[in-house]
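All remarks here apply to the structure that follows.
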Amino acid sequence: MVNGVESNLLHWIPLLPLTAAVYHGVMVGLVRRQTRQTLVSLVSCGAVILAFVLSFAALLDLLDQPVSSRLLVDNVYTWIGAGIGTSALSAEVAFRLDPLSAVMILVVTGVGSLIHIYSIGYMDDDHREDKGFQRFFCYLNLFTFSMLILVLADNLVLMFLGWEGVGLCSYLLIGFWYSDRFNAYCGSKAFIVNRIGDFGFLIGLFLLFGALAKAGHPAVSFAGIEQHFSSIVDMTLILPAWLHVEWEWRLVNVIGLCFFVGACGKSAQLPLYVWLPDAMAGPTPVSALIHAATMVTAGIYMICRMSFLYAAAPEASAVIAWTGGITALVAATIAITQTDIKKVLAYSTVSQLGYMFLAAGCGGFSAAIFHLGTHAFFKALLFLGAGAVILAMHHEQDMGKMGGLWSRLRATRWVFLIGVLAIAGVPGLSGFFSKDEILVAAYAAEVPGHMWLYAIGLLTAGITSFYMFRLFFRVFLGECRAPIAIRDHIADPGGFVVNPLWVLAFFSAVGGYFGLPQVWGDLIEIENSNSLANFLTPVLATTEAHQLDHSTEYWMALSAVGIAAAGAGLAWILYVKRPELPTRLAAQMSTVYRTLLNKYYVDEIYDAVFVRPLVWISDRVLFRTVDVGLIDGLAINGTANAVRSLAANGLKYAHSGLAQTYVFFMIAGAGAIIMYLVR
Amino acid sequence: MIPAPEINISVLAPIAFVGIGAMFVLMGEVFLSRAQTVMGREVTESFIGTVLAITSMFFLLLTTYAAAVAFGTGDTETFNPSHAMYQLDAFSSLITAVVAFSALLSCALSIAYLAELRINHGEYYALLLLSTSGMMLMVAAIDMIAVFLGLELMSIPIYVLAGFDRRKLRSNESALKYFLIGSFASAIMLYGMALLYGSTGSTSFAGIGAGFERAGSMGLIGLGLVVVGFAFKISSVPFHQWTPDVYEGAPTTATAFMSVTVKVSAFAALVRFLAMTFGPLDESIAGVIWGLAALTIVVGNVMAVIQENVKRLLAYSSIAHAGYLLVGLVTGTIQGYSAMVFYLIAYTFMTLGAFGVVVALANRGQDCDRIESFAGLAQTRPGLAALMTLFMVSLAGIPGTAGFIGKFTIFAAAINEGVVVLSVVGVLMSVVSVYYYLRVPVLMYMREPGDDGHRLEISSGEGAVLVICAAAVIVMGVFPNGVEIWPIQSLHVLDWARESVALFF
Amino acid sequence: MGGIDEHLLTVVTFFPLVVALGLMATSVLGSALGADGMPDKLWKPVALAGSLLTFLLSLRLYATFDPQRTGFQFTEHTPWIGEYGINYFVGIDGISLLLVVLTTFLMPIVLLASWNDISKSVKTYLFFMLALETGMLGAFVSLNLFQFYVFWEAMLIPMYFIIGIWGGARRIYAAMKFFLFTMVGSLLMLLAMLVVYYMNLEQTGVLNFDFVTGPGSVAVGLLDTVVPTDGVWWKSQTWLFFAFALAFAIKVPMFPLHTWLPDAHVEAPTAGSVVLAGVLLKMGTYGFLRFALPMFPTAAIAFTPWLMGLALVGIVYGSLVAMVQSDIKKLVAYSSVAHLGFVMLGMFALNVHGLNGSVLQMINHGLSTGALFLLVGMLYERRHTREISQFGGIAKPMPVFAAFFGLVTMSSIGLPMLNGFVGEFLILLGTFLVNPWAAVIATSGVVLAAAYMLWMYRRVMFGPVENEENRGLMDLGVREKVVMVAMVLPIIWIGVYPNPLLRRIEPSVIELIRVVEARSPSVQGPEEQP
Amino acid sequence: MVPIEHVIALSAILFTIGVVGVAMRRNLIIILMSIELMLNAANLAFVGFNRMWPGTEGAPAVDGQIFVLIVITVAASEVAVGLGIFLSMFRNRDSVNVEEVNLLKW
Amino acid sequence: MSAQAVLFYIFGILAIAGAIGMVLNLRNVVASAMSLVVTMVALGAVYVLLEAYLVAAIQIMVYGGAIVVLFLFVVMLLNLATDEFPPGGQKFIKFSIGLAGVVILGQVLSAIIGNPSAFAAPETVPDGFGGYRQVGAALYTDYVLLVEMSSLMLLAAIVGALILAKRKIG
């Protein structure tokens, strides 16, 4: 437990974007006066870039610290401080910068600022009457703020704040063009699915806090949790008696799984990945920033943040690894058939995230983070590239209407190619190294069935390169299938759009060398070449794994490259050499094709199994029957009517208006009284 | 020769004032109707009516004052100690004051109303005064003979008042029913008295109480029949059916008068009879009262729900209130009795006020008493609407009004005695009561005015009465036991109630 | 100011009523003098100013309140009805302090919000509003059960009229339903109060209705009455607690006693709904907290599983039913059922977190649901319908409105950084510590909340503007913006920095727990769980 | 001398007959007569009881008989008023059948 | 059995007969009024047997003389001769009343005849008991208040009867 160095720098990093967001918010939401676009872009981009600079400064501060105790903290104020004794909860608004969060904020602010700049061009090109330029940047800044909070938070509650905050922003940005029903639908879908994940997060948080409280050390801050973790590591969770199930679980496993549910929601893993493809309804920069580079990786980050917990929870880790693996495969297969350029990238994102979880589950936390970083670069690059293409095609996203752009988009083609190569894992590019590390981790892991995981990873690598090249060929090669009208107006977009691409392209190319695996380092005589891993080691837990000798690793790398090449080749054959083949294949294996095209019908299944029944029950049973029928109709108004009819159909006739009836009642009454008295 | 008994006339002051008042009124009418002009004002019927009303109000005021003074002194005096019939003590003097005052208020109400209905005769006031004297005799009586005579002296003029609007069938019918059932009931009561007398050998409360142990079943039967007689007068279920008919048919001012004074005095007499005869009730009588109370509360409230005529509604509400009062009687404790007295006073003002509003709406010889005809009153007569709301709220027993304090004291006494089930019945039924009481404000405030032509100006008499009632309701609701604020620092109503019943214990 | 500080609480409580009576008197006098009363345009500002001044005074309360001290502050104690040992006894602790401030805060806002939409008999309306405020404040500050009951019931009358006169089509039915529902419970509660009162008399020999022992009074408060857990049925804690709980549960409202709420909300005018949701519902939870729990702790703990169960049902059921409503107001009404389910849940967790959370959640619900009703009202003013199907794409003509609506929606589904989250989080945490499974179910309510609120928001705000009538809708005017900003500021403030409130709540809560534990042998301390 | 219990029995019988008459006959006049009969039964009881409690030598007690005298007065005035009521009603609806008198009901 | 007893039974039976005649008379109101007179007179006689001489006298005078005559006046005035029996409406109620009446009566009679001890009357009465002197003295000393009040009552009755029965008022 290292106690960190105070640094007031930290809270400025999230504060800057927030200020910008609030400014925009007030302007848009309250004042409604048109602000000049240049001012808007200046404010937002300025804020984010400044945040990036500060982050860099913070990183330097961090690097000043001795390796063993690299930690900056910044306690701002107590947010929720309640409770006494062993249930005292104190959720500070406090930030911690350790290597892990340092990497993250660099990615967030770095990629973030690039995308901000890109957006200036992209959003300006929009043709809607209310392009909502300022609103867009308001959301974007708000997102950056939330993401930074999420990353910098020093306790789970504050992290949850950021966690939900990014969810909100993704909701707002997906549904940014709200006048289209579908976008709005996708937005809420994303939010609600995320909520389901947050449900897990909260439960995990409660379990963790409850256990710690029981152990006498209530804490929500990561430092505190890690410090007292030993006291709860052996606790077990017994199912309540009424379940009559004799099953005892280790608490840490349960906690780990709960948090993982949260991660699934945020990082679009099975079974909660359904929102991400739909999220493509948002503007492309959003897809790049939120749904490729940063937000979706929050799950990974959280898992790594809690690595000490997962290191102690092998079963949970196994679940994570397998979920990740399967997600990677499934998403990849779906990506093969998609025709919408952004959809392809979306599923590829899901698949890559699956990779990262695979790594994390196998204990390769640093590998996960490494891939997170590289993926941020090349996937952002690809998305923005796709965005550029879309702009060039006048907002056409269907690859079927593209093709032959190689000659037309002279700048975009290169950066796009780099992105494709990087993700396909061409040796030397960033994707190659990070993917390689993941495969190694899977191979070496102690996880049950890790060889299968390795196989899945390998296969996925192949499929990945296949569909990426398919995409590239369909878009850039072949003859142009665009409508005649726009065919001659297809050209590279403006500088705001293209220049960021170059930066990203550069990093996607060389980013791998930050974390050059030791095997390659040895190859070219560099001591501990994997600077990233070394940098992260103090904050990441390690799990025992097989030791692999270098030869094995070389073979693995070779096989990875081979299968990638195979995928690429296949793509070449299918989409360049024999373009008519795919349709025939689709016709032959139509069921498979349609299943893939329709994403295994997952959305439909969810709709039929969960959504419709719930609505039906709520409406027919709960509302109409119970509420209106039973409670209100029968019980409440029933009583009232009973009273009324007691009078109107019963007692009333005792007051017939005939004197002698009254006499009768008097005699009866008198008789009764006398009987009672004399009895 | 027969020795003249020593008597003290002063005790008779209250009754005497009323009786003399009656004579004055009768003769006054004769002379006035002969005269053409009095003091330059030519004599019209309404003028006669006004003068006579004021005369009787004057005498009633004297009565009230005398009774109040007697209450203030707080000592107990009988008319002829050798063979006491009439005893003016704290209880009887307080009730006398209340009765006289409410009679006064109903006189004030009557002036304009009778003129509206063209039945503006002095006899009205004379009968009203005579009936009042009967009530006084009844509440002050400590001997069954006096009770019976008082009862009849109270009832007979009211029979007439009920039928006072002779041209109207409903008025006749109300008089007829009241008379038939009334005299039937008093015959039953009389027979009960006979049996009591026979089984105990005495007609005085004390004597009966002394001899009741060896009275046997005959005494019990007698007691039962007497209770029946009272139960009729206080309109307790199942001896209540006459109430709605009579209240609806009678001229509204007469209804106001009888609904208040008869109930108050009959209850007072009942309490006095039971308390002074038996002291603490034995559980058999308590059981009877319990049953009557439960029945009365339930039937009164439930029947009121379906009423469409305000006077009838108020009739059933008065039945229901009789039920709550009986709850106080069931307890048989000083707390319960004092609660009853308080409740009676509260009830007087609420009911008089409510009827007063109905009176103030009567137009062109027509009562404006259908509930529907209150629709939109808040727009045509905001003041009256507000007052009516106040009285309804008070009758419903919502806090801040006398009605609430009344119910509270009653139920407090009941709970203190452990009369829980009855209390639960009571409160549940008062929820029902809220429903029908609030229907009137609903119509007044939440509906648009109908075409019912109700009167659009209010006479000074009615205005005064309404204001007095409203003030009383609020003051008794907020400071039931007075507070050191100027006009009301001496109104310790709760204390009065307690002092008045203290002599029974 | 010293003079006022002596009786600050009384002043705060009765100031609105005084203003109302003053206005009424002047107008009556005016009409008597043939001046036809005061012109209505003078009424509104005066009433608004009055309520604002009340708010400022209550802020002074907040400022001079000492968070460190447990027990009641600003107490005043003078005999009222000596016969029955009834005193005028007021005082506040952290819990009632916040509720008082909430009340005084909401009142000027609703007056401002209903500035134009009340056209029929404005004077009466303002009179009832101000009277209502005094009633609510009185109920919150009363420390004498009789006095509490008086305010609790007297409050109904103005609300009844506000719903009944200025309400919608089925207003009369709704008003009557509202009134009768509340009466049923409260009258039984009155009887229960009396039972305890006489028990206290037996034990101490002093007639006294005070809840706690008042300053300078020898009489022991009813809180210290020893209530048996067995023996005569109507003297046993079980039944007495039941009577109290019934009254409060109806007001909360807890499932299945909630059906008056949707009707009342839908029919009531905007201001009515806001006050109803914002304050009146808190009466129930406040009653539980202040009276039912500490007076009959053993029974309360015995009932806890049931109440928790009902609270959970309320949460899930309310959310599900809200999801399928076609009327926005009704949807919000059912969402209140769910939210108050949270409050009850946290309360009966009976530990610091739960209670903190539930008190805070009372405030939050007052703010966010109040704000929602205000917004719905603004929409209704423009379109005269609340059918969700009538709308769609409103965000285009009314962006500012959409912005506020979105923010308030987020606060009501408990988004961090807004007030809703803090309360729900603490409640869930507290519940989890005593009963994890309940917490799990309740947490699912959070998901559902997101579902129905966002669904509604989407159907109203997003999509193309199809209904022609919606195309030309005016966006919020200055007055409405002021109102909404005033509502939103505390929403954000509590979300970002709730600690000042928690600091005031916590001592009272801890005290409450202490009392409950001390008075019930069978309870194990809240810290021992889970 | 006369056995008092038989006197009371007689009065009880008369009383019952009166009650039955009130309850059964439709003619107001006869109903009123029956009420008178009830009063007389009571009177008889009073007189009989007074014979039971005649007081002591020198101080005879006659409360019962006084009661009877009062009752007779009451009865007279009741009859007067009652017949007056009947008259005014007869003028309006020209019948003294009690079963036709139910304008006011429920 | 003493002569008084015999006379009592005779008059008793006479009274009952008259009463039944009054109530059960099928046709004629006048006839029932007459049979009421029989009862009244018989009762007067019984009073004499009970040594209540003044009461007996007043009974015969007032009832036989005044009240029944008043009845007859009204009957003639309204010339309502007949009234059918058994009555039309509410048969059930009325016969159940008859039944109830009989039952209650049975109860009471059995209660009364059951214990004659409760009705033990002294053989002799104090001197002057029931005489006009004795009663009158009591009436105007002890009960003077009641006399006054009953005067008020008579006044009320007169006024009331007047106001109701007068053809037109004012």
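Every chain is numbered from 1, with letters handed out A, B, ... down the list of sequences. Keep in mind the model is a prediction, meaning the values are calculated, not measured.
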Residue selection (most heavy-atom pairs with chain B, distance under 4.5 Å) from A/Ile674, A/Val663, A/Leu651: A/Leu651
Taking every non-hydrogen atom, the tightest pair across B/Phe239 and A/Met666: CE2-O, 3.3 Å
Heavy-atom proximity to chain A below 4.5 Å, by part of B/Tyr316: side chain
Atom pair CD (B/Gln307) and NE2 (A/His655), whose distance is rounded to the nearest 0.5 Å: 8.5 Å
Contacting region of B/Glu248 [heavy-atom separation from chain A under 4.5 Å]: neither
Chain B contact via A/Tyr676 - which portion, at a heavy-atom distance below 4.5 Å: side chain
Side chain / backbone / both / neither for B/Val288 at chain A, heavy atoms under 4.5 Å: both
Side chain / backbone / both / neither for A/Leu677 at chain B, heavy atoms under 4.5 Å: both
Most contacts with chain A, counted as non-hydrogen pairs under 4.5 angstrom, among B/Ile285, B/Val305, B/Val237: B/Val305
Structural part of B/Leu220 lying under 4.5 Å from a heavy atom of chain A: both
Interatomic spacing from CG in B/Leu180 to OH in A/Tyr662 - rounded to 0.5 Å: 12.0 Å
Contact leader toward chain B among A/Gly657, A/Ala648, A/Gly669, where contacts are heavy-atom pairs under 4.5 Å: A/Gly657
Closest contact, heavy atoms only, B/Val302 versus A/Val643: CG1-O, 3.7 Å
Minimal non-hydrogen separation, B/Gln241 against A/Ala654, with atom names: NE2-O, 3.4 Å
Chain A interface, residue from B/Gly287, B/Pro244, B/Ser217, B/Gly192 that has the most non-hydrogen pairs under 4.5 Å: B/Gly287
Proximal component of B/Ala185, with respect to chain A [non-hydrogen, under 4.5 Å]: both
